[in-house]
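Residue numbers count from 1 along this sequence.
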Amino acid sequence: MPLPRARTAEGQAGLAAMAADPAHALLATDYDGTLAPIVADPATAVAAPGAAAALARLAGLVGTVAVITGRPALEAVSLGGLAHVPGLIVLGHYGAQRWQSGVLSEASVPAGVQAVREALPGLLAELAAPEGTTVEDKGTALAVHTRRTADPAATFALLREPLGRLATSAALTLEPGRLVLELRPPGTDKGTALRELVAERAARSAMFCGDDLGDLTAFATIRRLRADGVPGCVVVSESRETPELAEAADIVVDGPPGIVRLLAELADYLPGG
């Protein structure tokens, strides 16, 4: 089985470095839209067939396997069937939570999150948010989904600016995604979580797989690591909702099934696979 091919020299160098020294390689992936298809109800977003098995194979072959998600860590573990992936690290809430070996640790919730929690229902009513607008309470953040409305894109546009003002008033940030607007504490993003994990694990190469605007900070971290001499590879799970992400990718695959195939191909290539 040949090494998967990247469309950039930098990405191929990242893959080659992982293959040459897998014990010091770090492979991290987003959950929704990457390991699991995007669905109307986030509570039903189970992982794509074969995703957990591919991660379990890689966990025995590379130094670190991680999932970095905006979801609560336990949700990703449960929905993804990830509890039995050996050594897996799941960073939930963009790194504010950590699940490893069945143990969950988390940071305290900033006061601004509770302020937004209390203000959000009134604001949505004032804006006459269309039927189907839903609020997902993540504990350390709140996400407003427009996917289930009659016109998701128009609802997204209607809510974006007012929710941005609400976030600013509570010292939070507004993070747009695939038909979702998330209000969360500043400084919590996938790029920061990935950078800190690479340093903690003393990784000598890294790969990150993502699909959404919230993954751009992790892509940027991979580019900064490369500039600092740590080879890396960016993989995009392609979506019609965020076609611009492909421009930042070293490898583009066809959604979560493509991610599963890529992970399996990498496991096939690595020594011991």
Quiz item: Between T133 and P130, which heavy-atom pair has the shortest distance, and what is it?
Solution: OG1-O, 2.8 Å

Quiz prompt | Gap between atom OG of S237 and atom CD1 of I251 - 0.5 Å precision | solution = 12.5 Å

Quiz prompt | Pairwise side-chain contact, P176 with R160, heavy-atom cut-off 4.5 Å (strictly under) | solution = yes

Practice problem: Rounded to the nearest 0.5 Å, what's the gap from CD1 on I222 to CZ on F208? Could you check? | Solution: 8.0 Å

Quiz prompt | Distance in Å, E244 CD paired with S239 OG, rounded so as to fall on 0.5 Å steps | solution = 9.0 Å

Self-check item: Side-chain ion pair, E106 and R98, N-O less than 4.0 Å
Solution: no

Self-check item: Residues E182, K138: salt bridge by 4.0 Å N-O rule
Solution: yes

Quiz item: Do V113 and Y94 belong to the same hydrophobic cluster, where Ile, Leu, Val, Met, Phe, Trp and Tyr are linked whenever their side-chain heavy atoms lie under 4.5 Å apart, directly or via other members?
Solution: no

Quiz item: Does T188 offer a backbone N or O that forms a donor-acceptor pair with the side chain of R184 under 3.5 Å?
Solution: yes

Quiz item: Just wondering, do L159 and L124 contact through their side chains at under 4.5 Å, heavy atoms?
Solution: yes

Self-check item: Closest non-hydrogen atom pair between R117 and D137, with its separation
Solution: NE-OD2, 2.6 Å

Quiz item: Which atom pair, heavy atoms only, marks the closest approach of A143 to V180?
Solution: CB-CG2, 3.7 Å

Exercise. Flag the pair R195 and E200 as a salt bridge only when some basic side-chain nitrogen lies within less than 4.0 angstrom of an acidic carboxylate oxygen.
Key: no

Quiz item: So, are E161 and R165 salt-bridged, with charged N and O less than 4.0 Å apart?
Solution: yes

Self-check item: Euclidean distance, M207 CE relative to L266 CG, rounded to 0.5 Å
Solution: 5.5 Å

Exercise. Check the pair E131, T149 against side-chain contact (heavy atoms from CB on, under 4.5 Å), reporting the backbone distance first and the verdict last.
Key: CA-CA 6 Å; E131 182 179 355; T149 63; over 6 Å; no

Self-check item: Closest heavy-atom pair and its distance - S205, G14
Solution: CB-O, 4.4 Å

Quiz prompt | Non-hydrogen side-chain atoms of L58 and L270 separated by less than 4.5 Å | solution = yes

Practice problem: Answer yes or no: is there a side-chain heavy-atom contact under 4.5 Å between V85 and V77? | Solution: no

Quiz item: Under the 3.5 angstrom rule, does the side chain of Q100 hit a backbone N or O of I89 as a donor-acceptor pair?
Solution: no

Self-check item: Under 3.5 Å side-chain donor-acceptor pair for T192 and D189
Solution: yes

Quiz item: Counting N and O atoms only, with roles assigned by atom type, does the side chain of Q12 sit under 3.5 Å from a partner on the main chain of A6, one being a donor and the other an acceptor?
Solution: yes

Exercise. List the atom of L61, the atom of G272, and the distance in Å for their closest heavy-atom pair.
Key: CD2-C, 3.6 Å

Practice problem: Following the transitive rule for hydrophobic clusters with a side-chain heavy-atom cut-off under 4.5 Å over Ile, Leu, Val, Met, Phe, Trp and Tyr, establish whether I68 and L88 coincide in one cluster. | Solution: no

Quiz item: Do the side chains of V260 and V252 join up, straight or via other hydrophobic residues, at under 4.5 Å, putting them in one cluster?
Solution: no

Quiz item: Going only through I, L, V, M, F, W and Y residues with side-chain contacts under 4.5 Å, is there a path from V234 to L91?
Solution: yes

Self-check item: Stepwise side-chain contact (heavy atoms from CB on, under 4.5 Å) test for L245 and T242
Solution: CA-CA 6 Å; L245 262 70; T242 52; 3.9 Å; yes

Quiz item: Closest approach of T69 and A76, non-hydrogen atoms and distance?
Solution: CG2-CB, 4.1 Å

Quiz item: Only one of T217, D212, D215 clears side chain to side chain donor-acceptor pair (under 3.5 Å) with K190; which?
Solution: D215

Quiz item: Is it true that atom CG of D254 has more than 12 heavy atoms of other residues, nucleotides or ligands lying nearer than 6.0 Å?
Solution: no

Quiz prompt | Euclidean distance, L27 CG relative to L55 CG, rounded to 0.5 Å | solution = 7.5 Å

Practice problem: Without swapping roles, check the side chain of S78 against the backbone of L74 for a donor-acceptor pair under 3.5 Å. | Solution: no

Self-check item: Distance in Å, T221 OG1 paired with L197 CG, rounded so as to fall on 0.5 Å steps
Solution: 11.0 Å

Quiz item: Do you see a donor-acceptor pair shorter than 3.5 Å between the side chains of T140 and H93?
Solution: yes

Practice problem: Give a yes or no on whether the backbone of T155 and the side-chain of T146 come within a donor-acceptor separation of less than 3.5 Å. | Solution: no

Quiz prompt | Side chain D228, main chain V230, donor-acceptor under 3.5 Å | solution = no

Quiz item: Could you go step by step and tell me if D268 and R57 meet the side-chain contact (heavy atoms from CB on, under 4.5 Å) rule?
Solution: CA-CA 9 Å; D268 287 340; R57 286 185 65 198; 2.8 Å; yes

Practice problem: Would you kindly confirm whether Y269 and I259 end up in one hydrophobic cluster when ILVMFWY residues are joined by side chain heavy atoms under 4.5 Å apart? | Solution: yes

Quiz item: Is there a donor-acceptor pair under 3.5 Å between the side chain of Y31 and the backbone N or O of E75?
Solution: no

Quiz prompt | Positive for salt bridge (Lys or Arg N to Asp or Glu O under 4.0 Å) with D250, one of R226, R223, R5, R7 | solution = R226

Exercise. Could you go through the side-chain contact (heavy atoms from CB on, under 4.5 Å) check for D30 and D211 one step at a time?
Key: CA-CA 8 Å; D30 171 43; D211 76 301; 2.8 Å; yes

Self-check item: Partner set under salt bridge (charged side-chain N to carboxylate O under 4.0 Å, His left out) for E241, not counting sequence neighbours
Solution: R147, R178

Self-check item: Check: L82 and V67 side chains under 4.5 Å, non-hydrogen atoms
Solution: yes

